[in-house]
Participant: 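Mind looking over this structure? Questions follow.
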Amino acid sequence: GDLAQSQEAHAACYITLAEQAEPELYHHQQRLWLAQLEQDHGNIHVALAYLQKHEEWIKLAQMIGTLGWFWYMHGILNEGRQWAEQAIARGTDYLPESIRGKVISSAGVFAGFLGQNELAFIRCQESLPLCRASGDVRNLCASVYMLVHSLLAMKNALEARQLAEETLAYAHALEDA
């Protein structure tokens, strides 16, 4: 009844907020949007929990993907990693490539910054073709950064350089298109 409609509207409101905030987190009003998301962090949790409880898997994954940079900027990497890994554990084949790539990339980047290098390598490697296919340069570059970091840590500078150069050429080609 009314409670269910209210909860659904609440979740929709915070999905919209996350989607509006995401591109702004990379621009000059970043601090305002970060503050807004921080202020609404509790409501964001309620929305995520609602989507999970009601098995709104695509909306949940979409929201998780849009919150990645927020979690990173606020240093709450484990929270972001846990949500992303929950989405991945659920299975990602049903997700559009753009959402799947973003969630898997986020999980890999979070894992890398949390010192989980093997998981970071696997997730970031998995996200590359998805990010390329959907034209998601931002998450592609985040995954490549973590992969290059992992390759350098494994003393594989040649492969790290090759991957970085290929990705840079890809990003330039997209800019020129």
Side-chain angles (χ1 to χ4, degrees), residues 1-27 29-128 130-131 133-134 136 138-143 145-146:
D2 289 343
L3 178 60
Q5 285 179 322
S6 176
Q7 290 174 328
E8 188 174 347
H10 180 271
C13 174
Y14 288 96
I15 291 169
T16 300
L17 174 66
E19 289 173 349
Q20 288 174 337
E22 183 188 25
E24 300 302 327
L25 295 177
Y26 297 93
H27 296 294
Q29 293 191 355
Q30 177 185 70
R31 290 187 339 138
L32 295 172
W33 284 95
L34 283 171
Q36 180 67 52
L37 290 173
E38 181 60 36
Q39 180 180 332
D40 289 320
H41 197 194
N43 285 316
I44 289 168
H45 273 268
V46 170
L48 288 165
Y50 171 85
L51 295 170
Q52 186 176 43
K53 180 181 176 184
H54 292 277
E55 300 181 358
E56 296 275 355
W57 304 122
I58 293 175
K59 289 179 184 177
L60 178 63
Q62 185 174 359
M63 190 169 183
I64 291 166
T66 61
L67 290 169
W69 191 239
F70 164 71
W71 284 318
Y72 171 78
M73 295 287 293
H74 274 276
I76 44 180
L77 303 174
N78 205 42
E79 178 181 325
R81 187 196 59 77
Q82 287 173 350
W83 279 109
E85 286 297 335
Q86 284 179 34
I88 293 166
R90 174 85 187 106
T92 60
D93 291 343
Y94 64 93
L95 294 173
E97 275 184 345
S98 60
I99 296 172
R100 191 168 20 146
K102 191 182 284 191
V103 169
I104 295 170
S105 172
S106 294
V109 171
F110 294 147
F113 282 119
L114 290 167
Q116 300 167 338
N117 295 325
E118 286 182 31
L119 181 60
F121 192 85
I122 291 165
R123 293 289 185 238
C124 289
Q125 190 84 338
E126 184 182 357
S127 74
L128 292 183
L130 299 167
C131 292
S134 65
D136 184 352
R138 189 172 283 142
N139 284 292
L140 174 75
C141 290
S143 287
Y145 168 82
M146 194 53 66

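Note that these values count all heavy atoms, side chains included, but never hydrogens, waters or copies made by symmetry.
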Participant: Tell me which donor-acceptor pairs under 3.5 Å the side chains of residues 54-61 have, and how far apart each pair is, sequence neighbours excluded?
Facilitator:
none

Participant: Which donor-acceptor pairs under 3.5 Å do side chains of residues 4-16 form with protein atoms, sequence neighbours excluded?
Facilitator:
from  : atom 1 : to    : atom 2 : distance (Å)
His10 : NE2    : Asn43 : OD1    : 3.2
Tyr14 : OH     : Asn43 : ND2    : 3.1
Thr16 : OG1    : Ala12 : O      : 3.0

Participant: Applying side-chain contact (heavy atoms from CB on, under 4.5 Å), name anything that partners Tyr145, two or more places apart in sequence or on another chain.
Facilitator: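 Per chain and number, Tyr145 pairs via side-chain contact (heavy atoms from CB on, under 4.5 Å) with Phe113.
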
Participant: If you compare all heavy atoms of Ser127 against all heavy atoms of Ser105, which two are closest, and at what distance to 0.1 Å?
Facilitator: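 In this case the closest contact between Ser127 and Ser105 is CB-N, 3.6 Å.
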
Participant: What distance do Phe110 atom CZ and Leu119 atom CG have between them, rounded to the nearest 0.5 Å?
Facilitator: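 Between Phe110 CZ and Leu119 CG, I get 12.0 Å after rounding to 0.5 Å.
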
Participant: In plain terms, say whether Glu22 and Arg138 are close enough for a salt bridge, that is, a side-chain N and a carboxylate O under 4.0 Å apart.
Facilitator: no

Participant: How many angstroms lie between atom CG of Leu32 and atom CD of Glu24, to the nearest 0.5 angstrom?
Facilitator: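 Going from the CG atom of Leu32 to the CD atom of Glu24 covers 9.5 Å.
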
Participant: Can you tell me how far apart CE (Met73) and OH (Tyr26) are? Round to the nearest 0.5 Å.
Facilitator: 9.0 Å

Participant: With side chain to side chain contact (heavy atoms under 4.5 Å, CB included) as the criterion, how do Leu77 and Tyr72 come out once you've worked through the C-alpha distance, each side chain's angles and the decisive distance to 0.1 Å?
Facilitator: CA-CA 6 Å; Leu77 303 174; Tyr72 171 78; 3.8 Å; yes

Participant: Identify the two heavy atoms, one from Ala120 and one from Met146, that lie closest to each other, and give their separation to 0.1 Å.
Facilitator: CB-CG, 4.1 Å

Participant: Could you check if a side-chain atom of Arg81 sits within less than 4.5 angstrom of a side-chain atom of Trp71, using non-hydrogen atoms only?
Facilitator: no

Participant: Which value, rounded to the nearest 0.5 Å, describes the distance between Lys102 atom NZ and Ser143 atom OG?
Facilitator: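 Atom-to-atom, Lys102:NZ and Ser143:OG are 12.5 Å apart.
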
Participant: For Ala84, enumerate each residue passing the side-chain contact (heavy atoms from CB on, under 4.5 Å) test, keeping only those at least two apart in sequence or located in another chain.
Facilitator: Ile64, Val103, Ala107

Participant: So, taking the atom named CD in Gln116 and the one named CZ in Arg123, what distance separates them when rounded to the nearest 0.5 Å?
Facilitator: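 Output value for this atom pair is 10.5 Å.
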
Participant: Rounded to the nearest 0.5 Å, what's the gap from CD on Glu19 to OG1 on Thr66? Could you check?
Facilitator: 6.0 Å

Participant: Looking at residues at least two apart in the chain, or sitting in another chain, which of them share a ring pair (Phe, Tyr, Trp, His ring centres under 6.0 Å) with His41?
Facilitator: His45, Phe70

Participant: Residues two or more places apart in sequence or in another chain: which of them pass side-chain contact (heavy atoms from CB on, under 4.5 Å) with Thr92?
Facilitator: Ile88, Leu95, Arg100, Ile104

Participant: Side-chain contact, heavy-atom cut-off 4.5 Å: Met63 with Ile44?
Facilitator: yes

Participant: List the atom of Gly101, the atom of Leu130, and the distance in Å for their closest heavy-atom pair.
Facilitator: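 In this case the closest contact between Gly101 and Leu130 is CA-CB, 3.7 Å.
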
